[in-house]
Amino acid sequence: MKMIIARVLFLYFLCFIISLVNGLSNTDDTLMKALRDSLTLPKDHDWSGSDPCQWKGIQCDGASNRVTAIQIGKSNISGTLPPDLTNLTSLTKFEVMNNDLTGKIPNLSGLKSLETVYVHDNNFESIDAVFFTGLSSLRHVSLDNNNFGSWEIPLSLKDVTSLSDFSAVNCNLSGKIPDFLGGDTFPSLTSLHLSNNFLFGELPMSFVGSPLQSLLVNGQMGNEKLNGSITVLQNMTALTEVSLQGNRFSGPIPDFSGLVSLKTFNVRENQLTGNVPGSFTELQSLAVVNLTNNLLQGAIPIFKAKNVLVDVKQGTNSFCLDSPGTPCDPRVNTLLSIVEAFGYPVRFAQSWKGNDPCSNGWVGITCAGGNIIVINFKNMGLTGTISPRFADLASLQVINLSENSLNGTIPQELTKLSNLKTLDVSSNQLCGKVPEFNPNLVITNGNADIGKDCPRPGSGSGSSSEDSGKKAFSNAGKIVGSVIGIVLALLLIGFVVFFLVKRKKQYNKMHPQQQSSDQDALKITIENLCAGGSESGNDAHVGEAGNIVISIHVLRDATDNFNEKNILGRGGFGIVYKGELHDGTKIAVKRMESSVISGKGLDEFKSEIAVLTRVRHRNLVILHGYCLEGNERLLVYQYMPQGTLSSHIFHWQQEGLKPLEWTRRLIIALDVARGVEYLHTLAHQSFIHRDLKPSNILLGDDMHAKVADFGLVRLAPEGTQSIETKIAGTFGYLAPEYAVTGRVTTKVDVYSFGVILMELLTGRKALDDKRSEEEVHLATWFRRMFINRDSFSKAIDKTIEVNEETLGSINKVAELASHCGAREPQQRPDMSHVVNVLASLVEQWKPAEGSRDSEDIYGIDYETPLSQVVGRWRELEGRGNASLNSSFFGASIPSRPPELDNTFNSGQGR
Ligand SMILES: *[C@@H]1O[C@H](CO)[C@@H](O)[C@H](O)[C@H]1NC(C)=O
Ligand SMILES: *[C@@H]1O[C@H](CO)[C@@H](O)[C@H](O)[C@H]1NC(C)=O
Ligand SMILES: *[C@@H]1O[C@H](CO)[C@@H](O)[C@H](O)[C@H]1NC(C)=O
Ligand SMILES: *[C@@H]1O[C@H](CO)[C@@H](O)[C@H](O)[C@H]1NC(C)=O
Ligand SMILES: *[C@@H]1O[C@H](CO)[C@@H](O)[C@H](O)[C@H]1NC(C)=O
Ligand SMILES: *[C@@H]1O[C@H](CO)[C@@H](O)[C@H](O)[C@H]1NC(C)=O
Ligand SMILES: *[C@@H]1O[C@H](CO)[C@@H](O)[C@H](O)[C@H]1NC(C)=O
Ligand SMILES: *[C@@H]1O[C@H](CO)[C@@H](O)[C@H](O)[C@H]1NC(C)=O
């Protein structure tokens, strides 16, 4: 009896299951039959059976019997699609391309499994705006070649965050390329093809950082086409294939040094202007390049890649000469630099043909006897800045830039134009101090901010007199390059640090008396940044990074052929020599061991230098220049006569020095804090020093301090995130979280700074093997001592005179030291806080000494035009200090300054 009931129940259950399954498949059956009814299938396309899963081109899931794929492309099918396919919820592939289908592409919204939609090459008339709603698995879309009425990329596409390729070629697409198409919304979108439509407007800035590899937007057919600048491409480093052909893009080709995979670059028939940059012509990956029919200027480029197919046939281009690679007349190059700062306006590119600016028809140019005497760019709608390169046209008598929208400052260099009679910059948006010209020469009315400080960048300024467009681009490129460079260099540095520690130990064993070797008067390890070889016959010139390349002969002379007696110290990757130039300028020359740097590392180091040369602050040691010849790699630094801080606090007796007074220590601490604060808060990036310690702090004759040794500097990530690095640095100064995880933030420097404060307070070294176990590690010991007031007073360096006056500030600094040395990075203050605390102590103690704030104008000078910085520097320090006067050369001085010739050519018998 029980058995029978069980069987009946089982059968009943079975029926239920079957009916359920049938019910499900019936849903799809109904829809599939509706689909069959609305299509006209060719005879041989058999969809006659009752089970759609058996039909040609249909796939089902075996278990559920649900339709998973409709693949009926290229089947000579006509007809329409039924209005609602949204119940096919298991569908992953919908491929009906290359048929003759018409009507509307039905609503597929909500098909969560759908991965592929290929409807291209049909005669569909429309696609729903909500088509993409909820298609969260969709990866491949092709809508090419349909007869859609005018439509725009619908907002519903935003739902398709898994999108990998999207193609809507030749299908009456209009509107702008939506700015949601960037990498933020579509982290996997590698291919975007929107050619032959009616799109207009600019490439969206959201393309920055996008993973796109293939971007085809060529051949827009409307009256308006795609236009604007193509700068955003420089931030799309995954690109392999770009076609912008037949649009109205303008402005220069940006710095492409990051686009290392770029193979195809077709920009023919646009309005691109300016010089074709080396960062582009040097790309090794290029295979096909077509630049014809633009308004490109300068010399016809030569591309470096092997087997590259290049078409730069002049067309409408404005290259100066017909033969590739032949440089233009210097006057042409100068004029191009000038208009570069205006973003290479189309107007000049159209007008300036050939290689002779004095031939007829060069708009804005007037010559006399082959010399340009007048530049008249009045009311030409110019934006951008005034290039200092005007100064290269010595014959200029009149410059008229009035009634434009130029911003930035009037470059100091223009005062060098001795023939200049009129400089009319009226009615622009210039700012900053007007350089000193002859009376009545310069006309500045109609510039609201002239004479006032320029707005800080970020609020939209910072573009300096020499910051022409190209400079901005190429700097940017170098910074990105340098990030890569730093990462690569770190591997090398990690190895080298290890190697050096070993080597140094050996050295100390061999030369025990030469204790000072480990204080390296100039242990600067920006290791080797020598830029490509020196030009023969030139003792010094401005190198690629804008840095000064100095001839080996000059340096041999200066150091008495690297005489032993001139050795200041050893460390980093080489030996540091003291040197003296013919005019008496003292320098420190670091000579790299050639074994340390392989050719491969060179580029990375160059990039790193490109960043580091822009790090300029009065509390950071200055890199004057460098040299690369044969196997020689040398760095030339400002000489710091008083040596390292470590010799003054730890070895003053051996070296016959006086112990530092408390106030002096305070001021040094403030100097260091300011230098580090600057590193941490540079305009656009934040640098982490990673190796702060007294032997990397150098003192000048005025006993003010500068931070040195940027060999381990690295670019901090944005926000509060940390980055993982190979651990480098010096034991005793390593923040605990860094030592354990290798992750750095700016807070690792704050920790090291805390340890330095402890050293200044106690006169003890961060790690002192000679002390008892519990006193070896200063930071730990200090924390313990600090808890107890009595014990703390015993910890203070005996040479410091503790009295009522000093005690207050000693306590505050001790508090600050322990705050900075906190175990948790979050608990440590920012350097700006540290600067505030120390500044108030210095102020209160000795206002005259401490408040150098009046000089701060040349302290932080990242945004200030370097020419101005040099000028101010000379004003403020020049008279008192010959060594600074003649050997400070800026990172971006545009042409060789006359001082350079004096310094390096005098005494060379030339
Ligand atoms: C496609 O179908 C049409 C009829 O609908 C027929 O005339 C034509 O020959 C077919 N073409 C091919 C290539 O099968
Ligand atoms: C789709 O499914 C819903 C229920 O989920 C049903 O009401 C509707 O009739 C179905 N549509 C078609 C065309 O089968
Ligand atoms: C498309 O289909 C979804 C789901 O069936 C529905 O919610 C939506 O209203 C439909 N939209 C149109 C325009 O038919
Ligand atoms: C494109 O859209 C416009 C506006 O709907 C229409 O007039 C034109 O015929 C369409 N072009 C094509 C090729 O379908
Ligand atoms: C681009 O074209 C639009 C019109 O489509 C125009 O308003 C805009 O000024 C143009 N931009 C540039 C940079 O030429
Ligand atoms: C480059 O574009 C021009 C038209 O601007 C065309 O005539 C030429 O064939 C193209 N060259 C190559 C190599 O594709
Ligand atoms: C000049 O104006 C442009 C916008 O037209 C702005 O981006 C730039 O920051 C400005 N530069 C200065 C120095 O004000
Ligand atoms: C674009 O790339 C340049 C370097 O090529 C970089 O300096 C700049 O910050 C990038 N822009 C953005 C918005 O990331």
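As the structure lists them, so they are numbered: ligands from 1, and atoms in each ligand from 1.
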Legend entry - Non-hydrogen side-chain atoms of Asn218 and Leu244 separated by less than 4.5 Å: no
Inset, instruction - State whether the shortest distance between N or O atoms of Asp255 and N or O atoms of ligand 8 falls below 3.5 angstrom. - result: no
Legend entry - Ile386 side chain reached by Leu414 side chain, heavy atoms, under 4.5 Å: yes
Legend entry - Closest protein heavy atom to atom 9 (O) of ligand 6, given as residue, atom name and distance to 0.1 Å: Asp311 OD2, 4.2 Å
Inset, instruction - Nearest heavy atom to atom 12 (C) of ligand 8 wins, so pick from Thr231, Asn235, Val232. - result: Asn235
Legend entry - Residues Lys353 and Ser318: side-chain donor-acceptor under 3.5 angstrom: yes
Inset, instruction - Classify the side-chain pair Asp424/Thr422 by whether it contains a donor and acceptor separated by less than 3.5 Å. - result: no
Legend entry - His193-Ser195 side chain donor-acceptor pair, cut-off 3.5 Å: no
Legend entry - Numbered atoms and elements of ligand 8 in range of Val208, under 4.0 angstrom, heavy atoms: 12 (C), 13 (C), 14 (O)
Legend entry - atom 4 (C) of ligand 6 [closest protein heavy-atom partner, distance rounded to 0.1 Å]: Glu269 OE2, 3.1 Å
Inset, instruction - Check each of Gln234, Met205, Met236 against atom 5 (O) of ligand 8 and report the one with the nearest heavy atom. - result: Gln234
Legend entry - Gly408: numbered ligand 7 atoms lying under 4.0 Å from its heavy atoms: 13 (C)
Legend entry - Check: Thr334/Ser337 side-chain N/O donor and acceptor closer than 3.5 Å: no
Inset, instruction - For atom 1 (C) of ligand 6, find the nearest protein heavy atom and state the residue, atom name and distance (0.1 Å precision). - result: Asn290 ND2, 1.4 Å
